[in-house]
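Data block below; observations after.
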Amino acid sequence: MNKKYSLAMLGVALGFFASLSAVIQGAEDLNTLEQKALREAVEVVAPSVIQIETVGGLEKVGDQLAGGGPCSALVVSADGYLLSSSYNFVHEPTSILASLPGGKRTSAKIIARDHSRNLVLLKINAEEPLPVPTFVPRDDLRVGQWTIAVGKSFSPVDANASIGVLSALHRVWGKAIQSDAKISPNNYGGALIDIHGRVIGVITSLSPQATGPQAGADWYDSGIGFAVPLTEMQPRLEKLMQGEDLRQGLLGISLKGNDIMADRPEIGAVRYNSPAQESGILAGDIITAIQGRQVVNHAQMKHQLEPMYAGDEVALTLQRGDDSVEVKATLTAVLVPYAHPFLGILPVRDAEGIVVRDVLADSPAATAGLTAGDVIVRVNDKPATTVDELRTQISALEPDTAIQLVYRRGEEEKNAEITLATLPTSVPGELPAAWSKEVEQPAQPPQTGEVEVRLAEEPNAAFAWIPDDYHADRRYSLLVLLQEPGDVDKQATIDAWKAVCKQSGAILLSVSPASKERWTPSETGVVRKCIEQLAGKYNIAPGRTALVGVRSGGAMAYMVAFENREAIAGVVTLAAPIPRGVQPPDNDPLHRLAIFTLYDDMSPQAAQLKKLDEALAKMKFPVVHRSAAKGADKLTDDDRTAITRWLDSLDRI
């Protein structure tokens with residue numbers, strides 16, 4: 001290597017190291033600038049974030065200890081109004097204290113609540129104007145921008161913060177924006193801000209599925225959190241300041257179909273005494289636009305309707321046959337609880353037409369003299385040719401309504417006037433066969449007995465048991481066991497259930513939590529996926545699909561059922577309450593949900609569980625209760641017989 005070449009290489013090397021040094025220096029400068037910008041953004045908003053302390057109130061909410069630590073609130077007016085998360089006040093504190101930016105503590109009181117977005121409006125008496133932050137309109141937000149969650153959980157002066165990005169704009173059906181900044185009960189009520197210190201929204205607990213002041217709080221370790229955009233709350237502040245609570249607006253319709261992205265918003269049922277009924281909306285109408293915005297599926301409709309409040313007027317465009325119809329409805333906060341009307345028959349499942357399999361004892365049909373083998377042909381002069389058609393016709397009527405029924409017995413047509421009742425709350429006696437036709441097994445019958453159920457993306461263990469006389473032309477009931485955490489004796493589970501399942505035409509599915517310690521709320525989707533995987537291979541009736549759980553498995557059963565009404569028709573629990581923060585949905589005309597509870601009537605928990613039964617019955621859910629043996633923590637053979645017989649009757653009309 002000659003000297004000239006060596007000098008050239010040395011020059012290149014020095015240039016490279018100089019460039020590298022410049023890059024490193026540039027990166028350090030960028031990090032410094034980034035940290036400076038983040039710190040300054042927090043400093044800008046910090047005086048507007050107020051530490052709140054609560055004293056007294058309930059020690060427990062439901063079965064959970066209530067948190068008593070400091071929380072945060074955000075200044076929304078200079079004269080002392082603050083917004084915070086309703087999660088912070090669910091334990092109904094007797095005293096609320098706010099620490100002002102100057103360090104002085106003063107009392108605060110709750111003025112009103114936003115039950116739809118889980119917020120509360122507080123009022124304090126400030127001697128000096130409070131610093132109102134700058135708010136960012138939702139239209140200015142962009143996915144991927146910096147977000148900083150700011151609270152005053154640990155100090156009345158120094159803010160605590162966590163950093164992330166804005167990960168979605170229209171979550172919880174359009175009510176909230178989503179960030180992956182660390183959001184937990186510690187900073188509920190604080191501010192989610194941008195890199196300039198402007199407030200995007202108030203941080204709160206929310207859930208796309210559940211409702212209630214604590215809904216979504218269990219998501220705090222999921223990696224995402226929600227904030228309600230402030231600019232959308234500003235037009236509602238005056239009403240809150242006047243002491244008026246805000247509640248989600250309800251229309252009173254049920255939609256046909258189960259696929260929220262694929263199915264059109266076709267109305268399957270209109271609730272009686274609802275805004276929908278008063279505005280003239282009819283079953284069979286298809287919603288094509290809301291407030292002038294086109295909607296083509298269930299999801300778009302929910303995004304338009306769910307952010308609206310009670311008292312708001314909604315303009316709907318409907319397709320009714322070949323006509324386009326415009327209606328307006330004023331949304332309401334409360335719908336009259338829907339009670340399913342009951343005729344009192346069980347239909348034969350494989351018959352052509354509506355053949356009565358059984359007439360349930362003490363039912364309107366029994367009083368009218370109907371018997372097994374009768375064929376129902378008309379209701380109120382309208383032909384009823386299929387079981388689904390009859391069920392839809394009956395569900396549109398109120399209980400205590402008198403109907404004219406025409407049925408055929410042999411060659412003779414008979415007429416009956418029948419006054420409908422409500423769904424029974426007892427376990428039927430032994431039932432006759434559900435199917436009337438013999439079926440031949442195909443040359444290559446599907447797998448029966450124990451079947452593995454495995455979700456590639458989930459660690460949960462699951463298996464199914466299929467009756468050995470399974471035939472794909474029949475729709476089977478499905479019992480889904482939500483196991484207690486820990487090891488499951490697979491063979492013992494099958495041995496305990498297979499006889500009663502075979503007798504009632506039911507498939508058994510067992511799903512275990514991923515953890516050996518607990519179920520988590522996010523696993524509701526796992527249960528649904530297991531059901532869907534099984535339903536992809538075997539013929540299952542959603543109207544006779546029920547979840548069964550003991551203690552924590554029972555609590556999980558309530559959560560899964562409330563979130564998946566179109567797929568679940570029944571819940572069976574042994575000594576299990578509804579989990580904290582989970583609110584039962586309204587009873588639905590199209591998606592029935594029956595409840596079967598078991599617990600020791602003399603146990604210390606019996607009073608609480610009985611109140612839960614009464615609350616569900618008040619919402620018009622048909623609740624069947626069976627007393628369990630003293631200290632029972634497992635189902636008995638008699639329990640299993642009663643459960644499968646009850647399941648077999650869920651397609652009653």
Side-chain angles (χ1 to χ4, degrees), residues 256 268-270 272 282-284 339-424 426-440 471-477 503-505 539 541-544 569 589-592 594 622 645-653:
K256 287 185 176 179
V270 175
Y272 41 77
L282 302 175
H340 286 279
F342 181 54
L343 177 58
I345 67 159
L346 265 180
V348 174
R349 291 181 189 146
D350 59 355
E352 295 182 5
I354 307 165
V355 180
V356 177
R357 170 190 171 192
D358 192 34
V359 176
L360 298 171
D362 302 321
S363 68
T367 303
L370 270 71
T371 62
D374 289 345
V375 180
I376 295 174
V377 293
R378 281 196 304 278
V379 176
N380 289 342
D381 290 331
K382 292 183 179 179
T385 57
T386 68
V387 170
D388 287 342
E389 197 172 75
L390 176 63
R391 185 174 286 112
T392 300
Q393 285 180 273
I394 296 296
S395 68
L397 303 172
E398 294 186 51
D400 300 327
T401 300
I403 63 170
Q404 300 296 323
L405 191 75
V406 179
Y407 62 98
R408 191 171 63 246
R409 179 173 295 167
E411 299 300 323
E412 183 182 4
E413 274 200 356
K414 290 176 173 288
N415 294 279
E417 180 174 304
I418 297 178
T419 301
L420 300 174
T422 56
L423 290 174
S426 59
V427 178
E430 192 167 342
L431 297 171
W435 292 289
S436 61
K437 300 174 184 174
E438 294 292 330
V439 288
E440 294 182 3
H471 196 284
D473 287 344
R474 293 175 172 174
R475 302 198 83 186
Y476 284 73
S477 306
Q503 185 177 6
S504 63
N539 196 351
R544 284 180 279 111
L590 294 185
H591 303 120
R592 295 181 180 182
R645 191 175 291 164
W646 167 83
L647 176 68
D648 192 17
S649 71
L650 291 188
D651 55 358
R652 59 203 170 186
I653 299 174

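Just so it is clear, the structure is predicted and the values come from calculations on it, not from any experiment.
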Side-chain touch [X]/[Y], heavy atoms, less than 4.5 angstrom:
X	Y	value
Ile418	Leu370	yes
Asp374	Ile345	no
Val375	Val356	no
Ser504	Arg645	no
Ile394	Pro341	yes

For this session: Please confirm whether the backbone N or O of Gln404 pairs with a side-chain atom of Asn380, one donor and one acceptor, at under 3.5 Å?
Result: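 Yes.
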
For this session: Verify, without hydrogens or angle tests, whether His340 (side chain) and Ser395 (backbone) share a donor-acceptor contact under 3.5 angstrom.
Result: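 The answer is no, because no donor-acceptor pair under 3.5 Å joins these two groups.
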
Of all heavy-atom pairs between [X] and [Y], which one has the smallest distance, and what is that distance?
X	Y	result
Ala339	Thr422	CB-CG2, 4.0 Å
Ala368	Tyr407	O-OH, 4.5 Å
Gly369	Arg409	O-NH2, 2.9 Å
Trp646	Pro428	CA-CD, 4.3 Å
Leu590	Gly268	CD1-CA, 3.6 Å
Gly543	Ala569	O-CB, 3.2 Å

Taking side chain to side chain donor-acceptor pair (under 3.5 Å) as the test, write out the residues that go with [X], two or more places apart.
X	answer
Asp350	Ser436
Asn539	Arg475
Arg652	none
Glu413	none

Exercise. Of all residues at least two apart in sequence or in a different chain, which pass the ring pair (Phe, Tyr, Trp, His ring centres under 6.0 Å) check with Phe342?
Worked result: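 None.
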
For this session: Please identify each residue that fulfils ring pair (Phe, Tyr, Trp, His ring centres under 6.0 Å) with Tyr476, with sequence neighbours left out.
Result: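 Here the qualifying residues are Trp435, Tyr470.
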
Problem set entry | Residues which pass salt bridge (Lys or Arg N to Asp or Glu O under 4.0 Å) with Glu430, listed by chain and number, not counting sequence neighbours |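 Result, salt bridge (Lys or Arg N to Asp or Glu O under 4.0 Å) vs Glu430: none returned.
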
With sequence neighbours left out, what residues match [X] under side-chain contact (heavy atoms from CB on, under 4.5 Å)?
X	value
Glu412	Lys414
Thr367	none
Thr386	Asp388, Glu389
Ala351	Val348, Val355

Find the distance between [atom1] ([X]) and [atom2] ([Y]) and round it off to the nearest 0.5 Å.
X	Y	atom1	atom2	result
Leu343	Leu397	CG	CG	10.5 Å
Ile653	Leu423	CD1	CG	11.0 Å
Ile403	Thr419	CD1	OG1	8.5 Å

Exercise. So with a 6.0 Å cut-off around NZ of Lys382, is the heavy-atom count from everything else above 12?
Worked result: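 No, the 6.0 Å shell around NZ holds no more than 12 heavy atoms from other groups.
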
For this session: Only pairs at least two apart or in different chains count here, so list each side chain to side chain donor-acceptor pair (under 3.5 Å) that has a residue in residues 352-363.
Result: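 The answer is Arg357-Asp648.
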
Exercise. When Asp651 is tested against each of Arg349, Arg391, Arg592 for salt bridge (Lys or Arg N to Asp or Glu O under 4.0 Å), which residue passes?
Worked result: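 So, applying the salt bridge (Lys or Arg N to Asp or Glu O under 4.0 Å) to Asp651 and each of Arg349, Arg391, Arg592, only Arg349 qualifies.
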
